[in-house]
Amino acid sequence: MSMHMLSLSALSLDTPDIMSRNMEACCNSTENGLDFMSLLDAKPRPVNPIHTHKSFDERSLADLVTPALSPRPRTLETVKSSECLEGMLSPGRSSIGTPRSGQHSFEPHPMVADAWDNLRRSLVYFRGKPVGTIAAMDPTEETLNYNQVFVRDFVPSALAFLMNGESEIVKNFLLKALRLQAWEKRIDNFTLGEGAMPASFKVLHDPVRKNDTLRADFGESAIGRVAPVDSGFWWIILLRAYTKSTGDHSLADMPDCQRGMRLILSLCLAEGFDTFPTLLCADGCCMVDRRMGIYGYPIEIQALFFMSLRFAKTMLKPEGGGKEFIERIDKRLHALSYHIRGYFWLDFQQLNCIYRYKTEEYSHTAVNKFNVIPDSIPDWVFDFMPMRGGYFIGNVSPARMDFRWFLLGNCIAILSSLATPEQAVAIMDLIEERWQDLVGEMPLKISYPALEGHEWRIVTGCDPKNTRWSYHNGGSWPVLLWLLTAACIKTGRPQIARKAIELCEGRLSKDGWPEYYDGKLGRYVGKQARRFQTWSIAGYLVAKMMLEDPSHLGMISLEEDKAMKPLMTRSASWTC
Ligand code: GLC
């Protein structure tokens with residue numbers, strides 16, 4: 001039996017009730033005559049960009065089921081009874097035990113208006129047009145590079161604008177980033193690949209000449225000089241979100257956009273010395289943009305890679321070499337899902353397997369393919385791993401498994417259906433089971449656990465910003481709320497998202513929208529956290545809007561590709 005099959009079947013053996021209940025919530029939402037997953041493919045009604053009303057998709061989940069509840073277009077401030085949605089999305093689950101259960105809040109939370117004000121204040125203009133949002137507007141801290149538009153930071157802002165029917169800024173941003181991609185990128189005497197997208201860009205205003213110019217950073221100014229591998233992926237993801245939300249295919253169909261996609265794909269689909277389908281990366285190449293021991297095959301990049309391949313496939317046209325890319329994408333997706341679903345997956349059963357691994361096996365019959373030495377399993381994993389639940393670990397490479405939990409990669413794996421429905425359920429189970437560790441008092445831990453002492457010295461290079469339970473090293477990042485909320489909706493557990501949002505609502509605005517929190521429970525405003533961090537603000541708005549109208553999920557989510565399933569069975573020699 002395959003490792004993958006083994007672990008999943010063990011899961012269901014251990015927890016048959018929970019498993020079947022959760023599976024029902026995740027996959028069988030056709031009760032009440034509603035097929036939730038079909039909403040992901042519903043073509044939204046184009047929204048009027050000038051209108052300030054919220055984008056109101058006529059296929060809104062709530063409307064499909066209870067049209068009487070919301071007969072008129074809502075303004076942004078109107079909050080729908082999400083309790084009703086919960087019942088529809090997650091049949092058989094109740095909100096009993098969650099804070100404010102039983103209460104129906106029709107009043108907008110005051111933080112929503114504050115968030116919109118701050119988000120609008122963060123807009124960056126190029127020759128009169130909005131092209132992005134600045135990373136942070138902290139009046140008290142030195143700006144460093146926080147006065148730039150970061151590609152990854154703009155994603156939640158873009159989603160918030162799209163959900164509010166304001167698509168123009170997203171289009172401007174996508175086109176601007178495309179322009180920058182065409183620049184020649186040099187670091188010292190070396191030139192980066194053509195497809196590389198910038199980590200960030202800045203608009204320089206010349207008041208004398210009354211002209212605006214752009215300056216971009218592809219890694220040549222970044223601390224550590226690392227290129228942002230995630231930027232190209234986020235660009236593709238955003239292009240798909242824009243297309244899905246507006247129904248406007250003309251942007252993605254433009255020859256320049258098609259070329260931009262092909263250039264990104266040729267970078268990440270290039271053939272080389274790889275023996276794995278995963279993408280080999282330098283440390284600090286994504287949201288975790290400092291040395292944190294994520295070099296190799298970080299789950300964040302692998303999940304974003306998988307998602308953007310799937311999204312690119314829906315947008316690529318066969319002309320101009322696109323057909324060849326579509327074929328290469330198909331092959332890579334199969335290989336990637338097989339590799340990640342199997343080798344990155346960890347649950348109680350799988351942990352027990354690795355613990356008993358034999359080493360130094362040679363030939364294709366090896367069980368312990370990467371020659372992982374069981375003694376390298378850190379002690380904390382044995383306590384952390386619940387009987388119910390599982391997750392994709394941080395990294396897998398020869399003789400090295402990074403057992404740390406990373407939220408972004410796991411949520412993207414759920415949204416892109418890189419995780420099988422069973423794995424998606426297990427990830428949500430883990431979050432519930434380890435709520436104190438992974439959510440604590442302020443959502444959400446970027447990684448768990450923190451590196452301390454000697455390990456911190458060796459792995460981070462004594463980074464004073466990444467001390468234990470701070471920043472990337474086990475710090476809590478409010479921006480991640482939107483990803484958790486999306487994953488919760490997809491798996492039919494909006495009550496988890498609601499609980500996390502309520503935690504944020506207790507403090508986030510009062511604390512001035514910090515970039516991150518510190519401490520085991522995320523109780524303290526981060527040591528060097530910027531205030532009025534734009535993606536903390538936008539992440540909250542996206543989470544709120546998505547919960548209010550779950551049909552927004554379709555912008556950043558994909559149903560499982562059934563064609564990938566048969567390839568999951570491994571050779572019969574796989575035992576453990
Ligand atoms: C930090 C984060 C990075 C983010 C940047 C701007 O460097 O690690 O992910 O893009 O700040 O907010």
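Read the numbers this way: they start at 1 and go in the same order the structure lists the ligands and their atoms.
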Examine [X] together with [Y] and report whether their ring centres are nearer than 6.0 Å.
{"X": "F276", "Y": "F370", "value": "yes"}
{"X": "F403", "Y": "F384", "value": "no"}
{"X": "F150", "Y": "W535", "value": "no"}

Next item on the list: Inspect the contact between R493 and D429 and indicate whether a charged nitrogen and a carboxylate oxygen are less than 4.0 angstrom apart.
Entry: yes
Margin query: With a 6.0 Å cut-off (strictly less than), is the heavy-atom count around CD of E194, excluding the residue itself, greater than 12?
Written below: no
Margin query: Testing I489, I501, L444, L408 one by one against L484 for a side chain to side chain contact (heavy atoms under 4.5 Å, CB included), which residue passes?
Written below: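 Running side chain to side chain contact (heavy atoms under 4.5 Å, CB included) over I489, I501, L444, L408 with L484 returns exactly one hit, L444.
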Can you list every pair where an N/O of ligand 1 is under 3.5 Å from an N/O on the protein?
residue	atom	partner	partner atom	Å
ligand 1	7 (O)	D289	OD1	3.2
ligand 1	7 (O)	D289	OD2	2.7
ligand 1	7 (O)	Y471	OH	3.2
ligand 1	8 (O)	M287	O	2.8
ligand 1	8 (O)	D289	OD1	3.0
ligand 1	8 (O)	H472	NE2	2.7
ligand 1	9 (O)	R152	NH1	3.4
ligand 1	9 (O)	M287	O	2.8
ligand 1	10 (O)	R152	NH1	2.9
ligand 1	10 (O)	D153	OD1	2.6
ligand 1	12 (O)	D153	OD2	2.5
ligand 1	12 (O)	Q533	NE2	2.9

